[in-house]
Number of protein chains: 2
Amino acid sequence: MVNKKKIVEVDENTEERILSAAKKVIFSKGYAGARMQDIADEAGINKALLHYYFRSKDKLFEMIFKEATGKLMPQISSIFRDPQLDIFAKIRAFCRSYIGTWMEQPYVPMFVLYEFHSNPNKGIAHLFDKEKFKPIREEVLSAFGTASKKKQIRPVDPYHLFLNMISLCLFPFMGSPVFKAVTGISDKQFDLMMQQRAHEVSEFIIESIKYRK
Amino acid sequence: MVNKKKIVEVDENTEERILSAAKKVIFSKGYAGARMQDIADEAGINKALLHYYFRSKDKLFEMIFKEATGKLMPQISSIFRDPQLDIFAKIRAFCRSYIGTWMEQPYVPMFVLYEFHSNPNKGIAHLFDKEKFKPIREEVLSAFGTASKKKQIRPVDPYHLFLNMISLCLFPFMGSPVFKAVTGISDKQFDLMMQQRAHEVSEFIIESIKYRK
DNA sequence: GTCTATAATTTGATAGAC
DNA sequence: GTCTATCAAATTATAGAC
């Protein structure tokens, strides 16, 4: 007997179709560049229905932006809190998890950072509240401090180290079009690079900071 | 006697005023988000005069974008070609020069990478031609290869290493608003970090790759 | 819920006086 | 060269039929 359910699942409901379409368009073109018409076309509906589901472009954007930012600092906290893992295992786990996330959604980092960069106001500032990230920040910094005291890593500025980790994992997804054009590597080659990159980056970091007598 | 010249110099000619204003607005808001009215206001003129000097928004954008991309891979080639410098001196010179450039124009990296990210078409693709960057690319990669052969640095994938260098120098200027919000550091503290960063990054890289028996 | 038609607003661009 | 006034097109948003 034919499984009807599967067909229905593929043809998701309208709200989900709109959200998918909106993400595709807005992630790619940004808020200012995205057109409601493009989103409607992508979803296979018309503009009126778009406004029926989401009152305005602003509301639609806020919803998408909020969800996207939620992914920016995900499992970091739990990884750095885990007492089972030494500092090197933490770094490896972070890079694997972080880069893996962006391989699945390579447009998200540029979208979030760009929108926040060009609209520090606009009612999205609260999503990056200092207090909200206090736990993560403190877990990471204290892990570095502890490892340094234990002479597992050399003395190093923890803020720069944190920034280095984020830079190495995040930037390739923001600079990929330019990097591809400049180096001349293909999309396929770039994907391969990203697959290696979690390992490459964590070893690069560890080689730099591990304690040597 | 009063020096009239100085006053005139401060009050630059209209074309330059427009270009300055356009950069300020477009770097910050991006092409799609920038408004001709905003640029006119910023320059202290009106829209009509804007179109008198630059035929269209597109022309204005192309001019600004072209100039900005010219700064993306600047002195890299000469640094990596210089036979006076060993690989470590090259890396230090690169970081110092590269980060110094962005400290003066912190909006440029995000602008260039974002526009190229969201408009791989639009007649700006040719500015990132593979052939154009061939010399730079080959200088850098061959410098790494040579240093590796001479056992000055450990064996390492040169493409990842190149990407690491760019990531560490460029990302902080793209992620600065989020980084400031998440860490809670002030603008002044962030500027201080960036002043240390050329040294911090080059030592971070060198510690990671220098050959050890 | 979904559509067509249309309103309302924004915005890039031009005409023409000075 | 610079301005005011205005146009034409694009774009968000709504009204109302089905």
Side-chain angles (χ1 to χ4, degrees), chain A residues 4 7-66 111 114-115 118-119 121-124, chain B residues 4 7-66 111 114-115 118-119 121-124:
Chain A
K4 254 193 174 173
I7 297 174
V8 173
E9 280 177 359
V10 169
D11 183 7
E12 16 168 37
N13 68 48
T14 305
E15 184 168 346
E16 282 171 6
R17 274 225 317 285
I18 293 178
L19 266 179
S20 289
K23 280 186 219 169
K24 188 168 175 182
V25 173
I26 292 183
F27 283 170
S28 156
K29 303 271 193 83
Y31 175 82
R35 300 286 161 250
M36 296 297 267
Q37 186 63 61
D38 294 338
I39 296 173
D41 292 347
E42 181 72 33
I45 56 164
N46 60 25
K47 280 189 294 180
L49 199 55
L50 205 51
H51 282 89
Y52 174 79
Y53 276 90
F54 304 86
R55 185 174 294 277
S56 69
K57 190 183 178 185
D58 268 332
K59 299 268 185 231
L60 187 52
F61 168 76
E62 273 177 35
M63 193 158 297
I64 290 176
F65 188 81
K66 198 167 183 172
F111 168 67
Y114 175 76
E115 294 299 338
S118 68
N119 293 299
N121 33 1
K122 206 180 181 179
I124 58 181
Chain B
K4 254 191 173 174
I7 297 175
V8 173
E9 279 176 359
V10 169
D11 181 7
E12 18 170 34
N13 68 48
T14 305
E15 185 168 347
E16 281 171 5
R17 273 225 318 284
I18 293 178
L19 266 179
S20 288
K23 280 186 217 169
K24 188 169 176 181
V25 173
I26 292 183
F27 283 169
S28 157
K29 304 273 192 81
Y31 175 81
R35 300 285 161 251
M36 295 297 267
Q37 187 64 59
D38 294 338
I39 297 173
D41 292 348
E42 181 73 33
I45 56 164
N46 61 23
K47 278 192 293 181
L49 199 55
L50 205 51
H51 283 89
Y52 174 79
Y53 276 90
F54 303 86
R55 186 175 295 277
S56 69
K57 191 182 178 185
D58 268 333
K59 300 270 184 226
L60 188 51
F61 168 77
E62 274 176 38
M63 194 158 298
I64 290 175
F65 187 81
K66 198 166 183 174
F111 168 67
Y114 174 77
E115 295 299 337
S118 68
N119 294 298
N121 32 1
K122 208 182 183 177
I124 58 180

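Lettering of chains follows the sequences in order, A, B, ..., and the numbering in each one begins at 1. These numbers come from a predicted model, not from an experiment.
Applying the side chain to side chain donor-acceptor pair (under 3.5 Å) criterion to A:Gln37, with sequence neighbours excluded, gives A:Asp41. Partners of B:Glu15 according to the salt bridge (charged side-chain N to carboxylate O under 4.0 Å, His left out) rule, which considers only residues two or more places apart in sequence or in another chain, do not exist here. Not counting sequence neighbours, A:Glu16 has no partner by the side chain to side chain donor-acceptor pair (under 3.5 Å) test. With sequence neighbours excluded, the residues satisfying side-chain contact (heavy atoms from CB on, under 4.5 Å) with A:Ser56 are A:Asp58, A:Lys59. Not a single salt bridge (charged side-chain N to carboxylate O under 4.0 Å, His left out) links A:Lys57 to another residue, sequence neighbours left out. In this view, B:Lys66 satisfies the side chain to side chain donor-acceptor pair (under 3.5 Å) rule with no residue, not counting sequence neighbours. For B:Ala43, the side-chain contact (heavy atoms from CB on, under 4.5 Å) partners are B:Ile18, B:Ala21, B:Ile45, not counting sequence neighbours. Qualifying side chain to side chain donor-acceptor pair (under 3.5 Å) partners for A:Asn46, counting only residues two or more places apart in sequence or in other chains: none.
Separation of atoms CG (B:Leu19) and NZ (B:Lys24) is listed at 15.0 Å; rounding is to 0.5 Å.
Contact check of residues 20-28 of chain A against DNA chain D (heavy atom, cut-off under 4.0 Å) returns no residues at all.
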Nucleotide N/O to protein N/O under 3.5 Å, stretch nucleotides 10-13 of chain D:
residue	atom	partner	partner atom	Å
D:dT11	OP1	A:Arg35	NE	2.6
D:dT12	OP1	A:Ala34	O	3.4
D:dT12	OP1	A:Arg35	NH1	3.4
D:dT12	OP1	A:Lys57	NZ	3.3
D:dT12	OP2	A:Met36	N	3.1
D:dA13	OP2	A:His51	NE2	3.2
D:dA13	OP2	A:Lys57	N	2.8

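As judged by a 4.0 angstrom heavy-atom cut-off over every strand, B:Tyr53 is placed among residues touching the sugar-phosphate backbone only.
Taking the 5' to 3' direction, DNA chain C first and last meets chain A under 4.0 angstrom from a heavy atom at C:dG1 to C:dT4.
Within the structure, ring-ring contact (aromatic ring centres under 6.0 Å, His included) contacts touching residues 19-51 of chain B (residues at least two apart or in different chains) are B:Phe27-B:Phe111, B:Tyr31-B:Phe61.
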